[in-house]
Amino acid sequence: DTGVSQDPRHKITKRGQNVTFRCDPISEHNRLYWYRQTLGQGPEFLTYFQNEAQLEKSRLLSDRFSAERPKGSFSTLEIQRTEQGDSAMYLCASSPVSQTGADYGYTFGSGTRLTVV
Amino acid sequence: AQSVSQHNHHVILSEAASLELGCNYSYGGTVNLFWYVQYPGQHLQLLLKYFSGDPLVKGIKGFEAEFIKSKFSFNLRKPSVQWSDTAEYFCAVMSWGGSQGNLIFGKGTKLSVKP
């Protein structure tokens with residue numbers, strides 16, 4: 001499978017615990033994105049990387065959230081001290097970047113569904 | 001700030017009916033426009049996209065969308081829907097100026113097709 005892979009698919013955690021999700025993008029894609037999707041809503045942008053550089057972070061990304069892409073390949077998203085409001089589907093996507101800097105659509109992974117109890 | 005509005009939250013059609021899902025965006029500059037589809041239990045998939053040129057773009061599975069710049073719209077159409085089109089459809093916009101890493105999605109329209 002050469003698509004975007006996310007692990008785990010499901011995560012149930014107790015409030016206050018830390019969780020970490022992993023995303024493996026398509027290998028030749030240098031951009032990687034994290035989104036969050038709650039019921040009845042479209043995906044909401046969290047952050048993105050171009051290679052290993054984190055270029056933008058949404059205001060949704062509180063200081064309890066941190067994302068890394070240390071070698072410009074896979075990425076991790078960590079949520080510290082989870083709250084019930086963090087329950088959502090966390091989506092990862094990747095895309096190539098043209099010479100003009102415009103993206104050509106994202107390829108999404110299947111997501112990690114987080115439930116905080 | 002950019003935003004995307006999808007007019008219908010839930011659309012119910014019978015097979016062979018025609019489909020049009022509305023999408024409007026707010027951004028005055030050059031935009032890239034997308035429609036994504038999410039079938040039950042599956043991940044988001046790109047249905048079609050518009051960058052430039054012919055404002056009528058054709059995507060997979062018989063879907064098409066028309067970009068009308070004066071109306072800031074990018075409506076999705078299909079002449080005859082099938083039961084297998086039951087899914088949630090998301091319109092999304094990306095601007096060329098400012099943030100180039102931020103694809104903004106609408107809230108989605110759930111399509112239910114009755115056999």
Side-chain angles (χ1 to χ4, degrees), chain A residues 1 3-6 9-10 23 25-26 29-51 53-61 67 69 75 89-113, chain B residues 1-10 21 23-25 27 29-53 57 59-60 65 74 76 87-110:
Chain A
D1 189 305
V4 177
S5 299
Q6 290 189 247
R9 292 291 300 272
H10 303 275
C23 171
I26 293 173
H29 286 182
N30 52 4
R31 281 201 175 178
L32 184 148
Y33 311 83
W34 286 99
Y35 280 77
R36 181 175 71 185
Q37 187 176 18
T38 53
L39 200 62
Q41 301 293 321
E44 298 171 297
F45 170 77
L46 293 178
T47 188
Y48 90 96
F49 294 83
Q50 182 156 321
N51 301 313
Q54 189 173 16
L55 296 187
E56 187 169 347
K57 293 191 287 186
S58 160
R59 285 172 294 177
L60 293 174
L61 212 67
R69 195 183 183 197
S75 176
M89 177 73 85
Y90 289 84
L91 300 171
C92 178
S94 69
S95 75
V97 179
S98 73
Q99 290 182 345
T100 64
D103 290 340
Y104 285 86
Y106 300 180
T107 301
F108 280 86
S110 297
T112 294
R113 182 169 295 284
Chain B
Q2 301 168 53
S3 66
V4 179
S5 298
Q6 292 185 241
H7 312 304
N8 309 99
H9 179 63
H10 191 184
L21 301 182
C23 173
N24 285 90
Y25 65 93
Y27 182 73
T30 304
V31 294
N32 296 343
L33 297 161
F34 306 82
W35 275 96
Y36 281 83
V37 60
Q38 190 167 29
Y39 297 102
Q42 296 189 26
H43 61 277
L44 282 162
Q45 300 173 43
L46 183 64
L47 202 54
L48 50 78
K49 56 193 177 187
Y50 171 80
F51 293 122
S52 63
V57 293
I60 60 172
F74 190 56
L76 181 71
E88 192 154 16
Y89 293 80
F90 294 93
C91 182
V93 62
M94 181 188 299
S95 63
W96 278 43
S99 167
Q100 291 190 5
N102 198 348
L103 190 61
I104 306 294
F105 285 85
K107 292 187 176 184
T109 297
K110 185 178 178 181

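All chains are named by letter (A, B, ...) in the order of the sequence lines, taking the proteins before the strands, and each is independently numbered beginning at 1.
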Under 4.5 Å to a heavy atom of chain A? For B:Q45 that would be neither
Between CZ of A:R113 and CZ of A:R9, what distance do you get to the nearest 0.5 Å?
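Answer rounded to 0.5 Å: 10.0 Å.
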Approximate separation, where rounding is to 0.5 Å, of A:K57 NZ and A:F45 CZ
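Reported to 0.5 Å precision, the distance equals 11.0 Å.
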Most contact-rich option vs chain B, by heavy-atom pairs under 4.5 angstrom, among A:G109, A:G42, A:A93, A:S110, is A:G42
I'd like to check the side-chain contact (heavy atoms from CB on, under 4.5 Å) partners of A:L60; sequence neighbours left out, ordered by chain and number.
A:R36, A:E44, A:L46, A:S58
With respect to chain A, which residue among B:Y36, B:F90, B:F105 yields the maximal number of heavy-atom pairs within a distance under 4.5 Å?
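Highest number of heavy-atom pairs under 4.5 Å: B:F105.
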Are B:F34 and B:F51 near enough that their ring centres are under 6.0 Å apart?
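Yes.
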